[in-house]
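What follows is one structure encoded as structure tokens, with my remarks underneath.
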Amino acid sequence: MVRRQPLIAGIFLCLLLFMSLSPMANSKPFEQTDSETENYVSARSTTTWSGTVDLTSNYYVDIQDELLITSCTNVTMSSGVRIVVDGRITIQGTSTCPVVLSSSATSTNDHEGIQFNASSNGRGSIINHLHIEDSIFGLTLWSSDPVLNNVTIFNPDRVGIDMFDSSTPVIRDLHVEQAGRLLPSYTDWRFGIGLSVGSGSTPVVERAYFTDHLTCGVNFWGGSGGIFRDIVIDNISGALYAWPTGVWVGDSVPLFEDLRIDKSDNGIVVRHIDDSENTRGVFRDVFITNSMKRGVLMDKSDTNNITNYETADFTNLSVLGTGSAGAKTPNIALYAIEVNATGAWLENVLVDDASSVGVHLKRVDSSTTFRNLTIKNAGTAGQGPKSAGLAITNSYFAAHLEGVEISGSPGPALWSSSGGAVQGSDWYFHNNSEHGLYIDSATVVVDGLDTNDNGYSGAYVYDSRYVTLTNVTSENDGSLGTTLLESAGLSFKKSNDLETTSGDVTCRICEVLSSSGHGVYVEDSVDLWLENLTVSDIGSSFTPVYIDNGGLTTGSQGGRFHMLGANIQHESTTEYAVYIEQAAGRLDDVSIDGNHSGIFWDANHNGAY
């Protein structure tokens with residue numbers, strides 16, 4: 001018995017040492033730095049598809065599983081069937097042998113493609129060279145982040161790729177074709193969309209082509225964004241429940257670089273809807289051609305909401321052929337570009353060949369800026385503001401136009417009316433069929449206005465207050481004019497018809513050369529200030545400065561004009577250099593050269609002065 005006690009003690013000691021080393025006997029859980037991932041991988045079940053696979057009901061990839069589909073696999077799917085990914089999917093198609101998902105021949109309706117659920121986020125799903133044919137939805141993402149390379153989606157009924165809940169995929173070389181085109185009927189607007197980015201999603205998309213869609217190429221909503229580079233969209237037309245649009249941005253903040261849109265009913269629409277969200281679409285290097293109705297629209301759903309801020313930023317934008325012969329239906333365009341009840345920054349912009357107004361600004365303010373804007377051959381003859389290259393209406397806090405050239409319009413170059421306030425510098429208006437600058441009941445402030453070879457006067461101011469034109473040159477204007485007002489170099493009518501202490505109309509450092517009629521024509525205008533005026537090379541049958549205030553009603557209208565500092569050169573055997581009829585005013589430092597009849601001035605305005 002004495003000999004067995006050391007043996008028992010030794011066994012007990014070994015047992016204690018074993019328990020101290022065993023994790024199952026330790027009071028603390030076993031800590032693993034990376035073993036959770038290792039255990040997940042080791043426990044994952046991988047299913048491999050190849051050849052032909054027929055799905056008659058939904059297929060689920062569980063959270064710890066992987067579905068691997070090898071190249072050349074054809075997956076046929078019954079009506080309404082989806083592949084639902086909670087774990088990971090790997091598709092290994094190649095350029096010569098892609099994986100194909102299609103509807104089975106016996107299906108009465110299309111399948112619903114692949115759906116990524118939130119649990120698949122971060123699990124490394126990757127798709128290479130996948131073709132999806134005849135689906136209701138191609139790919140649907142809920143808070144997921146797959147990598148999609150060379151995915152082609154043919155004829156999705158509703159949406160090619162549909163994103164929700166802050167999805168963040170990386171997409172390269174996407175092709176979506178004929179979205180919504182083969183529908184016998186549909187009952188809501190959400191059919192025929194190539195890519196929908198919603199509910200805070202922010203994908204990165206490089207190289208994508210969307211063609212022949214019913215409703216929209218790329219649609220944003222719900223505080224989404226992302227980066228999009230090298231995107232081509234064409235032939236978006238036909239929707240009944242929504243405007244067919246190349247890119248629609250609603251309450252979102254995407255960045256586009258190198259975007260091409262052709263033959264879309266509407267090229268780009270940026271619309272602010274919900275004031276709890278931010279809207280700021282940023283577009284660089286954009287080329288829009290042959291839109292049927294609108295090239296670019298920036299607006300609010302509530303146009304009476306006047307809390308304007310920049311909702312869009314364009315740099316290097318070309319909008320060509322809006323409503324032209326290349327559009328689906330020509331000559332029904334509304335405008336090439338419109339900013340309505342919101343703000344925008346547009347720099348280096350070209351508008352050419354539009355069947356309606358080139359740029360329309362409505363209910364805008366100083367949060368809108370155009371810099372380096374060229375408009376050619378835009379407008380519809382005889383249609384008021386729509387005949388112009390650029391029109392501003394109902395805007396009482398002036399937008400900025402810096403560096404503007406407008407030519408070839410059937411109406412005026414710039415039409416400003418009904419409170420269409422605008423300010424800017426360096427405007428060049430030439431070869432337009434009517435006036436260069438047309439102002440009707442509006443406020444305009446510009447420094448640097450150069451007009452030449454316009455059909456009517458270089459600038460015409462009617463019934464307006466607070467107009468300041470500085471450093472103005474009018475040359476060879478008025479050749480198509482049929483009235484004295486239209487054929488003059490600069491024209492003023494009712495430019496204030498009652499003298500007050502504010503709201504003057506001023507032309508400062510203004511030069512008129514070779515106009516077809518009078519140099520400066522003034523009718524029924526007071527509080528008009530002509531400062532440092534130069535007029536020369538006026539035809540011998542016309543007068544360099546012609547002023548007639550005889551139409552003002554005594555008592556309710558009247559006042560004085562001011563011509564301070566003028567250099568007038570004229571050659572005529574019959575006409576005066578300055579003709580003033582029934583107008584009170586002030587002339588100071590006026591120099592008149594040449595052979596002519598001098599000055600005629602009747603300052604008696606019905607005995608008022």
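Salt bridge present: R284 and E257 bring a charged side-chain N and a carboxylate O closer than 4.0 Å. D588 has a carboxylate O that lies under 4.0 Å from a charged side-chain N of R586, or vice versa, which qualifies the two as a salt bridge. For the pair D524 and K494, the salt-bridge criterion is not met [side-chain N within less than 4.0 Å of a carboxylate O].
In summary, the side chains of S418 and N394 do not present any donor paired with an acceptor at a separation below 3.5 Å, with no hydrogens or angles considered.
Between Y460 and the choices Y521, F429, W415, Y438, the ring-ring contact (aromatic ring centres under 6.0 Å, His included) rule is met once, by Y438.
In plain terms, the two heavy atoms of A583 and I547 that are nearest each other are CB-CG2, 4.0 Å. Across all their heavy atoms, C216 and H213 have their closest contact at O-CD2, 3.4 Å.
Among residues at least two apart or in separate chains, salt bridge (Lys or Arg N to Asp or Glu O under 4.0 Å) pairs with a member in residues 306-329 are R280-E310, R280-D313. Pairs passing the side chain to side chain donor-acceptor pair (under 3.5 Å) check and including a residue from residues 341-362, sequence neighbours excluded, read T311-T342, N316-N348, E338-H360, W345-E347, N348-N372, D352-N377, H360-T393. Screening residues 440-459 for salt bridge (Lys or Arg N to Asp or Glu O under 4.0 Å), with sequence neighbours left out, gives no hits.
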In sequence, state the C-alpha distance, the side-chain angles, and the governing distance for I268 and I261, and then conclude on side-chain contact (heavy atoms from CB on, under 4.5 Å).
-> CA-CA 9 Å; I268 297 173; I261 302 175; 3.7 Å; yes
Could you go step by step and tell me if D234 and T211 meet the side chain to side chain donor-acceptor pair (under 3.5 Å) rule?
-> CA-CA 5 Å; D234 62 39; T211 181; 2.5 Å; yes
Can you check side-chain contact (heavy atoms from CB on, under 4.5 Å) on V445 and Y466, steps first, answer last?
-> CA-CA 8 Å; V445 178; Y466 192 36; 4.3 Å; yes
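Contacts of W529 classified as ring pair (Phe, Tyr, Trp, His ring centres under 6.0 Å), with partners at least two apart in sequence or in another chain: H562. Remark: W601 engages no residue in a side chain to side chain donor-acceptor pair (under 3.5 Å) (not counting sequence neighbours). Residues meeting the side chain to side chain contact (heavy atoms under 4.5 Å, CB included) test with S572, sequence neighbours left out: S540, H570, T574, E575. With sequence neighbours excluded, the residues forming a side chain to side chain donor-acceptor pair (under 3.5 Å) with E571 are N595, listed by chain and number. Evaluation of the side chain to side chain contact (heavy atoms under 4.5 Å, CB included) rule for A336 yields V319, T322, V351, A354 as partners, not counting sequence neighbours. For R508, the side chain to side chain contact (heavy atoms under 4.5 Å, CB included) test picks out T468, T470, T506, E531, with sequence neighbours left out. Residues passing the ring pair (Phe, Tyr, Trp, His ring centres under 6.0 Å) test with H518, sequence neighbours excluded: F542, Y546. Under the side chain to side chain contact (heavy atoms under 4.5 Å, CB included) criterion, S591 pairs with N567, D593, sequence neighbours left out. Qualifying ring pair (Phe, Tyr, Trp, His ring centres under 6.0 Å) partners for H400, counting only residues two or more places apart in sequence or in other chains: none.
Under the 30°/60° scheme for interplanar angles, the aromatic rings of Y579 and F600 are found to lie parallel.
The CD atom of Q569 sits 9.5 Å away from the CG atom of L513 when rounded to the nearest 0.5 Å. Separation of atoms NE2 (H272) and CD (E277) is listed at 8.5 Å; rounding is to 0.5 Å.
Between I375 and F370, the closest side-chain pair of non-hydrogen atoms is not below 4.5 Å.
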